[in-house]
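A note on names: the letters A, B, ... follow the listed sequences, proteins ahead of strands, and every chain is numbered from 1. Since we're looking at a predicted model, the values are computed, not measured.
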Amino acid sequence: MPELPEVETIANGLNKRVAGDRIDSVWVGSKPEPLKSSAAEISATLEGAKVDRVRRVGKHIVFDLGSEKTAGDRQWIVHLGMTGQMLVANPEAETPKHTHLVAKLASGRELRFVDPRRFGRLEVRQTGFTGPGAEPLSIDADDFARLFHTSKAPVKAALLNQKLLHGVGNIYADEALFRAHIRPRRRANALTKSELRKLHAALQKVLRLAIAAGGSSISDYVDADGEAGYFQIQHRAYGREGKPCLTCKTPIKKIVVGGRGTHYCPKCQK
DNA sequence: ATACCGACCTGTCAGC
DNA sequence: TGCTGACAGGTCGGTA
């Protein structure tokens, strides 16, 4: 579900609402665990910890923790998978189905991790998490070009490869390629310098616009307050198969690249 | 190394 | 109304 703009919106919302708060107690569900660390390890680390800051790295939410036990050297890393939500709620509010973790905060509120498909992952670790790849919003055009020049994969697949850039997912890969007028199946290392430059600019632009709109809400995405985002009304390729291209009216095509549904304009994208 | 594909899960929607 | 199958914002591991 959530790509970089959605995770950024969620992390910023969480930071605003829970930074400075303390986790008093933790409940972890017993189902097959959506965990990378064990339930016991997560509870032991989170209980008594103060939330210093919440931020985004790639598609991960990072809680920087401080506590007397751990001397502030621990982090709680949350990946939302396709359907994960991290919500701040009042304890009286009904607990949604598929709630896998509830952290009671000193302020009286609760932090709830909800994830129907259980593709999300929770992990506690030492500080220093940097994510698997480069940050799409900070990388400059030259480094971007060098990075993509190393990949023989279709450019769409390269955009989704988190070891190259982390944070780009299916929606924004399609949107960036549309805006850069590049076909998704082109080999990344076959793109010209000028095309890579356009792709870099298009990607950063679409991510920034989406962050400004609070992310894209398709079915179940909501931020930490349970609010939907609005970028989906600005999608030009993703989810528009058969509809006229907003530039040239040619019907948008849908194909499969790297196992993912891929939308593009056969006329505008070369 | 690379790329395709199924697996992991549940929910929803289209089609019959 | 209800069943079946396809599909969904992500990632991982196996195989060719």
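With respect to A:Asp21 and A:Lys50, no salt bridge is recorded, no charged nitrogen being found less than 4.0 Å from a carboxylate O. For A:Glu195 and A:Lys270, the salt-bridge test fails: no basic side-chain N is under 4.0 Å from an acidic carboxylate O.
Regarding A:Leu165, its CG atom lies at a distance of 14 Å from the P atom of C:dG10, rounded to whole Å. Protein atom CZ of A:Arg117 is 14 Å distant from nucleotide atom C1' of C:dC12, rounded to whole Å. In this entry the distance linking NZ of A:Lys152 with C1' of B:dA3 reads 11 Å, nearest Å. With rounding to whole Å, A:Lys97 atom NZ is found 16 Å from B:dC9 atom P. The distance between atom CG of A:Leu159 and atom P of C:dT11, rounded to the nearest whole Å, is 13 Å. The distance from atom OH of A:Tyr238 to atom P of C:dG10 is 8 Å, rounded to the nearest whole Å. B:dA3 atom P lies 11 Å from atom CG of A:Leu164, rounded to whole Å. Rounded to whole Å, atom P of B:dC8 lies 18 Å from atom NE2 of A:His98.
In this structure, A:Phe129 and A:His60 have perpendicular ring planes: the angle between them is above 60°, well past the 30° mark.
In this structure, the side chain of A:Glu175 does not engage the main chain of A:Val206 through any donor-acceptor pair within 3.5 Å. Proximity of a side-chain donor or acceptor of A:Glu110 to a complementary backbone N or O of A:Leu105 within less than 3.5 Å is not detected. A donor-acceptor distance shorter than 3.5 angstrom exists from the side chain of A:Arg183 to the backbone of A:Pro266, with no hydrogens or angles considered.
One finds a side-chain N or O of A:Gln162 lying less than 4.0 angstrom from the OP1 or OP2 phosphate oxygen of C:dT11. Residue A:Lys59 places at least one side-chain N or O closer than 4.0 Å to OP1 or OP2 of C:dT11. Between A:Arg118 and the phosphate of B:dC8, there is no side-chain N or O to OP1/OP2 separation shorter than 4.0 Å. At the phosphate of B:dA3, neither OP1 nor OP2 sits under 4.0 Å from any side-chain N or O atom of A:Lys156.
Here A:Phe119 does not pack flat against the base of C:dT11, since the 5.5 angstrom centre distance and 30 degree tilt limits are not both met.
Residue A:Arg22 qualifies as open at atom CZ: its count of foreign heavy atoms under 6.0 Å is 12 or below.
Residue contacts shown for A:Gly259 are absent, as no nucleic acid heavy atom lies under 4.0 Å away. Using a 4.0 Å heavy-atom criterion, one finds that A:Ala153 contacts the sugar-phosphate atoms exclusively. At a threshold of 4.0 angstrom between heavy atoms, the contacts of A:Lys163 with the nucleic acid are absent.
Distance check on atom P: C:dG14 versus B:dC9 gives 16 Å, rounded to whole Å. Taking atom C1' on both nucleotides, C:dC7 is separated from B:dC5 by 16 Å, rounded to a whole Å. Straight-line distance between the C1' atoms of C:dA8 and B:dA3: roughly 22 Å, to the nearest whole Å. A distance of about 15 Å separates the P atoms of C:dG5 and B:dA7, rounded to the whole Å.
Looking at residues 178-193 of chain A, you'll see that no heavy atom sits under 4.0 Å from any atom of DNA chain C.
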### Query
Tell me, what's DNA chain C's dot-bracket, Watson-Crick or G-U with both distances under 3.5 Å, | for other-strand, [ ] crossing?
.|||||||.|||||||
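Using a 4.5 Å cut-off between side-chain heavy atoms of Ile, Leu, Val, Met, Phe, Trp and Tyr, with links allowed through other members, A:Val168 and A:Leu164 fall into the same hydrophobic cluster.
Remark: the A:Asp115 side chain and the A:Thr83 side chain contain an N/O donor-acceptor pair separated by less than 3.5 Å.
With A:Asp174 as reference, A:His263 is the one residue of A:Arg236, A:Lys254, A:His235, A:His263 to meet the side chain to side chain donor-acceptor pair (under 3.5 Å) rule.
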